[in-house]
There are 2 protein chains.
Amino acid sequence: MNNSVSIKDIAKKFKCAPSTISRALNDHPAINIETRKTIQEYALKVGYQKNTLSLSLLNNCSMTLGLVLPSITHYHESSILEGMEEILLKSGYLLNICVSNESHTIEKEYIDRLLANRVDGLFISMAQESYDQQLGEHIDRVIQRSLPVIFIDRPNHGVASDRVVTDDYQGAYMATQHLIDMGCQRIAHLHGPSGISVSQQRFMGYQDCLKAHGRQVDVDLIEYVHFSAESAIEATRYLMQGTIKPDAIFGVNDEVCIAAMYVLREMGIAVPEEVAIVGFDDIPLASFGHPPLSSVSRQSRKIGEEAAKLFLSKKDQKLDPVTISLDPKLIIRESSLRS
Amino acid sequence: MNNSVSIKDIAKKFKCAPSTISRALNDHPAINIETRKTIQEYALKVGYQKNTLSLSLLNNCSMTLGLVLPSITHYHESSILEGMEEILLKSGYLLNICVSNESHTIEKEYIDRLLANRVDGLFISMAQESYDQQLGEHIDRVIQRSLPVIFIDRPNHGVASDRVVTDDYQGAYMATQHLIDMGCQRIAHLHGPSGISVSQQRFMGYQDCLKAHGRQVDVDLIEYVHFSAESAIEATRYLMQGTIKPDAIFGVNDEVCIAAMYVLREMGIAVPEEVAIVGFDDIPLASFGHPPLSSVSRQSRKIGEEAAKLFLSKKDQKLDPVTISLDPKLIIRESSLRS
DNA sequence: AATTTTTACGCAAACGTTTGCATTTGAGGC
DNA sequence: GCCTCAAATGCAAACGTTTGCGTAAAAATT
């Protein structure tokens, strides 16, 4: 079944000790240069490949990390992954990907497996179930083992921890401010799943910005959605058929805004003239919407890079927990531009 | 640094042999039921977790697989990953994700690392560089080691191999047929990166369908793009300013079609009245475009599931190479509907 | 030629776990 | 009290690799 050739095999071939082979292959100085060459050539010929597992066992270091995400199909998440990979590629690490699908049970199972496989560190964006119900004992077990854990987007409750996040609050504040600047009076919000930090922060930014301008949050202008476009269809219809007609919508992400614009078109409501719209994430297709969608860009790729860099710096020396908060940037396009 | 407790540690605590602890933890029959209980409770208390690395070494089976993709930010790719995870979760596997970014060098490096980590199998969608330049020796090394390799979307050249693909040819044929049925006369094609199997197959389907209706492919109606929306902007403008005005566009994926629709709006060309459009992939936002985009759905998630299932069946018995070709499905929306 | 130094290699332990086989212990039957 | 048997546990090897230490042979120095 498995054809892989080991150092021992080569040692038998050359009638010498495995240690000699090991040294030859690792360019150890105390080795005859001729012998080394011969062995290296032979190793290449038979396709020898170091078995990292034995080293992981020996050095207590697997050069493998775990990434646990609630989902992966959104641009934001897959960009994080890409950014992470870029840094880890250079550092020799491999990444185990685990999609929890927002389930606490799955998240726990995956973390168990990662621990059993002795990953050197963990990146986690917590599942909604874990987050909502404050289920963190599986995380505690990890921390207790003094394994570096870096939270992405959604930290765990309570304890201090390393985090890489977008400043969602600020981003939402900027978006809302922009809508106010555009003269919008009744700014609705498509609120993300409750309980999730990202949703909460964005709502807070929205709320505080309104308050700063002497306005109150009107519950009739808040509709709850998931992060998917589909979920925003009904919500938007409901919003537009309410007693208070919104003249702007700030959506928890771009998908729901694109769906909202679809509904508004269907209803014959002009964007941005009658309803201005700002989304969040700045997905690549935002620029090509009808009209092009204003959005808060959150440097998704950089989140991944920073998380990876943070791990690399943590790995060596023990540092205090750090929170890296990346500044969002408001990209203004037609969907919110009023003259 | 690492606080993990081993079987040996527990053995010392109980002044017994490691084998006893092992048997106790694994519910081996030849163990005193009292002892077993005590040991299990203790193990739970101190947070013992099996070190899978040692088992991997022993059994030559790491319960880890590798997934090598050119990119991950497209819906299709991340859906494959999700489908794969669903099956592998149940089977106890972990998945190493490797994004080659279309680079042969990176792909090779990743495959080396995966082999060094003794993954039990490999899923690969080949990088454009490897594919274009027919660089396959890194793949050969894997196969030579009789490691199960399953190709996704983009197979390697030549040798027979296990594959899970969409029937891109058929999908493109269906899309073109549909445009012809809608009465379109000059069907343009936004052609994907040349050399890549997916692009080629879709072009072939388009071409053969035209031929089947007694039409010739007009090179003036073909523009090459990448898989990104941006790349389609110029291409579409160029297409529409040419001598032959297309009255339909079949795009290599949905992103380029959404960008194309954006350009057409900008140019004041009506979709679908003047130009009908059909895309490929049926991304979630396709339904919410303006107008909603017709598209060939390719069951991305199922590709991942089937690939994972194929591995599981291959793992046990040696079977002949299999190609699983999933049927695409044409989803007709407004962008191509003419009365 | 004797001594020291250098060079090149072997030995064995270690990482954590499982498992076939051997061994110990205690109980029961005669 | 001796034998048999079963139950419970120990021993040691194995997976692949590295590395400090020991040692032999060769080379360099006196």
Side-chain angles (χ1 to χ4, degrees), chain A residues 1-40 43 46-64 92 112-113 115-120 145, chain B residues 1-40 43 46-64 92 112-113 115-120 145:
Chain A
M1 183 68 188
N2 195 309
N3 302 345
S4 68
V5 44
S6 76
I7 272 193
K8 283 186 186 176
D9 298 332
I10 304 184
K12 269 178 202 155
K13 193 84 185 175
F14 283 89
K15 296 195 193 349
C16 67
S19 46
T20 305
I21 309 295
S22 169
R23 281 187 269 252
L25 295 176
N26 292 319
D27 289 337
H28 193 280
I31 196 85
N32 186 301
I33 194 146
E34 279 300 322
T35 318
R36 181 173 73 183
K37 205 177 154 196
T38 320
I39 293 178
Q40 286 190 352
V46 297
Y48 167 79
Q49 191 134 23
K50 187 182 298 197
N51 186 331
T52 312
L53 294 175
S54 63
L55 285 180
S56 306
L57 198 56
L58 199 56
N59 304 330
N60 208 18
C61 163
S62 64
M63 293 302 279
T64 299
D112 267 0
R113 282 188 205 169
L115 290 180
N117 273 38
R118 295 297 188 269
V119 291
D120 294 335
R145 211 178 275 202
Chain B
M1 183 69 186
N2 195 308
N3 302 347
S4 69
V5 45
S6 75
I7 273 194
K8 284 185 185 174
D9 298 331
I10 304 184
K12 269 177 203 156
K13 192 83 186 177
F14 283 88
K15 295 194 197 342
C16 68
S19 47
T20 305
I21 309 295
S22 170
R23 281 187 269 254
L25 295 175
N26 293 320
D27 290 337
H28 193 279
I31 195 85
N32 186 301
I33 194 144
E34 281 299 323
T35 318
R36 181 172 73 183
K37 204 177 154 197
T38 320
I39 292 178
Q40 287 190 351
V46 297
Y48 167 79
Q49 191 134 23
K50 186 182 300 198
N51 187 330
T52 313
L53 294 175
S54 64
L55 286 179
S56 306
L57 198 57
L58 199 57
N59 304 330
N60 208 18
C61 162
S62 65
M63 293 303 277
T64 299
D112 267 0
R113 283 188 206 170
L115 289 180
N117 272 39
R118 294 297 189 268
V119 290
D120 295 335
R145 210 178 276 201

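In this structure a side-chain-to-backbone donor-acceptor pair under 3.5 Å is present from A/Asn32 to A/Glu34. Within the 3.5 Å criterion, the main-chain N or O of A/Ser6 finds a donor-acceptor partner in the side chain of A/Asp9.
The side chain of B/Ser19 contributes no N or O atom lying less than 4.0 Å from OP1 or OP2 of C/dT18. When the side-chain nitrogen and oxygen atoms of B/Thr35 are compared with OP1 and OP2 of D/dA8, none of them lie within a distance under 4.0 Å. Between D/dT17 and A/Lys8, no contact under 4.0 Å exists linking OP1 or OP2 to a side-chain N or O. Checking the phosphate oxygens (OP1, OP2) of C/dT18, a side-chain nitrogen or oxygen of B/Asn26 falls inside 4.0 Å. In terms of phosphate contacts, B/Ser22 brings a side-chain nitrogen or oxygen within less than 4.0 Å of OP1 or OP2 of C/dT18. Close to D/dG16, at under 4.0 Å from its OP1 or OP2, lies no side-chain N or O of A/Lys50.
For the pair A/His28 NE2 and C/dC9 C1', the computed distance is 11 Å after rounding to whole Å. Between the OH atom of A/Tyr48 and the C1' atom of D/dG16 there is a distance of 7 Å, given to the nearest Å. In this structure, CG of A/Leu57 is placed 12 Å from P of C/dT18, rounded to the nearest angstrom. Computed from coordinates, the B/Asp9 CG to C/dT17 C1' distance equals 13 Å when rounded to whole Å. Per the geometry, CG belonging to A/Asn51 stands 13 Å off C1' belonging to C/dC15, to the nearest Å. Computed from coordinates, the B/Lys12 NZ to C/dC15 C1' distance equals 12 Å when rounded to whole Å. Protein atom CG of B/Asn32 is 12 Å distant from nucleotide atom P of D/dA7, rounded to whole Å. The CD1 atom of A/Ile10 sits 11 Å away from the P atom of D/dT18 (whole-angstrom rounding).
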Practice item. For A/Leu57 and B/Leu57, run side chain to side chain contact (heavy atoms under 4.5 Å, CB included): C-alpha distance rounded to whole Å, both residues' side-chain angles, the deciding distance at 0.1 Å, then the answer. Key: CA-CA 9 Å; A/Leu57 198 56; B/Leu57 198 57; 3.9 Å; yes
Practice item. Go through the steps to decide whether B/Gln49 and A/Arg118 satisfy the test side chain to side chain donor-acceptor pair (under 3.5 Å), and finish with yes or no. Key: CA-CA 10 Å; B/Gln49 191 134 23; A/Arg118 295 297 188 269; 5.6 Å; no
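Of the two residues near DNA chain D, B/Ile21 and B/Ser54, the one whose nearest nucleotide lies more 5' is B/Ile21.
Which of C/dG16, D/dG10, D/dC21 sits closest to the side chain of A/Arg23 comes down to D/dC21. Listed nucleotides: D/dT17, D/dG10, C/dT17. Nearest to the side chain of B/Thr20: D/dG10.
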